[in-house]
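Indexing begins at 1, ligand by ligand and atom by atom, following the structure's order.
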Amino acid sequence: MIYCICHLALWSIFVTSVSANKFVLSSSLVGHQFFDAFTWETFDDPTHGAVVYTGLEDAKKLNLTYATHNSFVMRADDKTVLASDAVGRRSIRITSLATYEDSITVIDLKHMPSGCATWPAFWTFSRDSDWPAGGEIDIIEGANTQTENWSTLHTLPGCNMTQKRHQTGTTISTVCDVNVNFNQGCQTQFNTPKSYGMGFNAVGGGWYAMKRTYRDGVWVWFWARDDPTVPEEIRLGKSLLKPNPSAWGTPGARFPPDECNFKKFFDAHQIVFDLTFCGDLAGNLYASSGCGADIQACRDFVLNNPSSFSEAYWDIKSLRVYTPKP
Ligand SMILES: *[C@@H]1O[C@H](CO)[C@@H](O)[C@H](O)[C@H]1NC(C)=O
Ligand SMILES: *[C@@H]1O[C@H](CO)[C@@H](O)[C@H](O)[C@H]1NC(C)=O
Ligand SMILES: CC(=O)N[C@H]1CO[C@H](CO)[C@@H](O)[C@@H]1O
């Protein structure tokens, strides 16, 4: 009996100390639920893309965004040939109404935009601070037909990453300060095949999970649809299954707090999906991607070749956010 009581007491101490790190479902979006949870932006692309971001009414009318019971789609216009003085091709940029601090964001993604001139991103940034104050976390980002799959942080000066980190991806850069190296940010490239673009779409996509805490920084994991190691709570996404990141293995990208005070450089973030064309990233990489001569050729391609944008769409199965158990 004595043994049992001791055992129980120890167990309750263990449970108490662990519960501080427990995350529970805070938001779960599927199909039409996205329409109420995001704003369809209509401003000029701050990254100088050949794009016209389309408001919700028009986007629905033009069928650039639609939902079913298990899918939510945002796409580029793949029908219209545009005049040479057009701003760009119609596409979508949406921002979540909700913001999150310590959290785990899990996306079950079926298809992502791919092809020459495309620059899609799934990312988070501060609503209440003026960028880059409050920080930016890019979970999925890439350009053109490249196979790279990048995760990146962008901050005010003073936030660095160590070169060697507990991650399966490759460190590309270590200074998160937007003023360094043309806003490259601190960047990790995933080594997982199928994590971006055509390779990702060919297997029916997969799952990305991003965990951020002020205390321990940022982790990003990826599992392709056909990856047998995807954790059950990610694969099933049932609200009763609690995320247990400590069992998810080494993340593809890890941004630890060793040389960055996350409480100082990051605050509450909103979630963004966008798809732009050419601009600061895809335009400047257009030639090295083997897509064409230069940024002008990128723009011409965007205006004149609608059918080349039939793969330029996001198809999301679900988006779930978990926050610390109160
Ligand atoms: C919108 O596009 C999808 C995919 O091509 C199609 O299934 C759907 O019928 C279209 N909806 C309308 C209203 O045109
Ligand atoms: C970050 O790295 C840069 C470049 O190596 C260095 O100049 C700077 O002092 C570092 N900042 C911090 C806060 O470690
Ligand atoms: C699908 C894909 O593009 N995967 C790439 C991710 O990054 C690694 C590292 O550079 C490449 O080897 C993969 O091909």
Side-chain angles (χ1 to χ4, degrees), residues 30-35 38 40 52-81 89-94 108-115 118 120 129 132-138 151-167 170-188 198 201-202 204-205 212 214-218 253-267 273 275 305-318:
V30 177
H32 295 90
Q33 291 167 334
F34 280 87
F35 290 118
F38 282 82
W40 268 247
V52 174
Y53 286 134
T54 307
L56 179 56
E57 296 263 302
D58 286 340
K60 276 186 164 168
K61 217 182 301 170
L62 297 165
N63 205 20
L64 300 183
T65 189
Y66 53 90
T68 68
H69 71 283
N70 63 0
S71 133
F72 168 69
V73 175
M74 293 171 283
R75 65 177 317 135
D77 168 13
D78 64 347
K79 301 205 162 53
T80 315
V81 175
R89 182 158 296 284
R90 279 191 183 274
S91 180
I92 304 289
R93 173 168 167 147
I94 66 170
D108 183 344
L109 185 60
K110 204 162 139 193
H111 188 282
M112 66 177 297
S114 74
T118 60
S129 311
E136 170 182 333
I137 303 172
D138 301 331
S151 288
T152 311
L153 307 187
H154 302 270
T155 64
L156 288 169
C159 170
N160 288 352
M161 293 298 132
T162 45
Q163 180 72 31
K164 283 192 117 170
R165 288 173 255 157
H166 194 57
Q167 61 183 11
T170 306
T171 297
I172 304 292
S173 55
T174 58
V175 183
C176 308
D177 177 2
V178 298
N179 302 299
V180 172
N181 201 16
F182 307 99
N183 187 22
Q184 180 181 24
C186 46
Q187 203 159 47
T188 290
M198 278 171 14
N201 295 333
R212 61 167 279 196
Y214 287 130
R215 205 186 65 180
D216 291 323
V218 173
R254 174 75 176 108
F255 301 94
D258 308 55
E259 295 174 21
C260 181
N261 177 348
F262 277 81
K263 186 72 198 163
K264 183 171 162 200
F265 290 97
F266 291 83
D267 59 15
F273 290 91
L275 167 60
N305 297 282
S307 63
S308 297
F309 293 86
S310 60
E311 288 294 307
Y313 68 95
W314 295 98
D315 186 347
I316 303 167
K317 291 177 76 151
S318 69

*Asks:* Below 3.5 Å, can you tabulate the donor-acceptor pairs from side chains in residues 58-65 to any protein atom, sequence neighbours excluded?
*Replies:*
| residue | atom | partner | partner atom | Å |
| --- | --- | --- | --- | --- |
| Thr65 | OG1 | Val73 | O | 2.8 |

*Asks:* Would you say the ring centers of Phe35 and Trp40 fall short of 6.0 Å from each other?
*Replies:* yes
*Asks:* What's the spacing between Phe309 CZ and Asp78 CG if we round to 0.5 Å?
*Replies:* 10.0 Å
*Asks:* Are side-chain heavy atoms of Thr171 and Gln167 found at a separation under 4.5 Å?
*Replies:* yes
*Asks:* For Asp108 and Ser318, run side-chain hydrogen bond (donor to acceptor under 3.5 Å, both in side chains): C-alpha distance rounded to whole Å, both residues' side-chain angles, the deciding distance at 0.1 Å, then the answer.
*Replies:* CA-CA 5 Å; Asp108 183 344; Ser318 69; 4.5 Å; no
*Asks:* Filter the ligand 2-protein atom pairs down to N or O on both sides and distance under 3.5 Å, then list them.
*Replies:*
| residue | atom | partner | partner atom | Å |
| --- | --- | --- | --- | --- |
| ligand 2 | 2 (O) | Asn160 | ND2 | 2.4 |
| ligand 2 | 11 (N) | Asn160 | ND2 | 3.0 |
| ligand 2 | 14 (O) | Asn160 | ND2 | 3.1 |

*Asks:* So, regarding Asn63 and ligand 1 (criterion: nitrogen or oxygen to nitrogen or oxygen, under 3.5 Å), is there a contact or not?
*Replies:* yes
*Asks:* Step by step, would you call Asp258 with Thr162 a side-chain hydrogen bond (donor to acceptor under 3.5 Å, both in side chains)?
*Replies:* CA-CA 7 Å; Asp258 308 55; Thr162 45; 4.9 Å; no
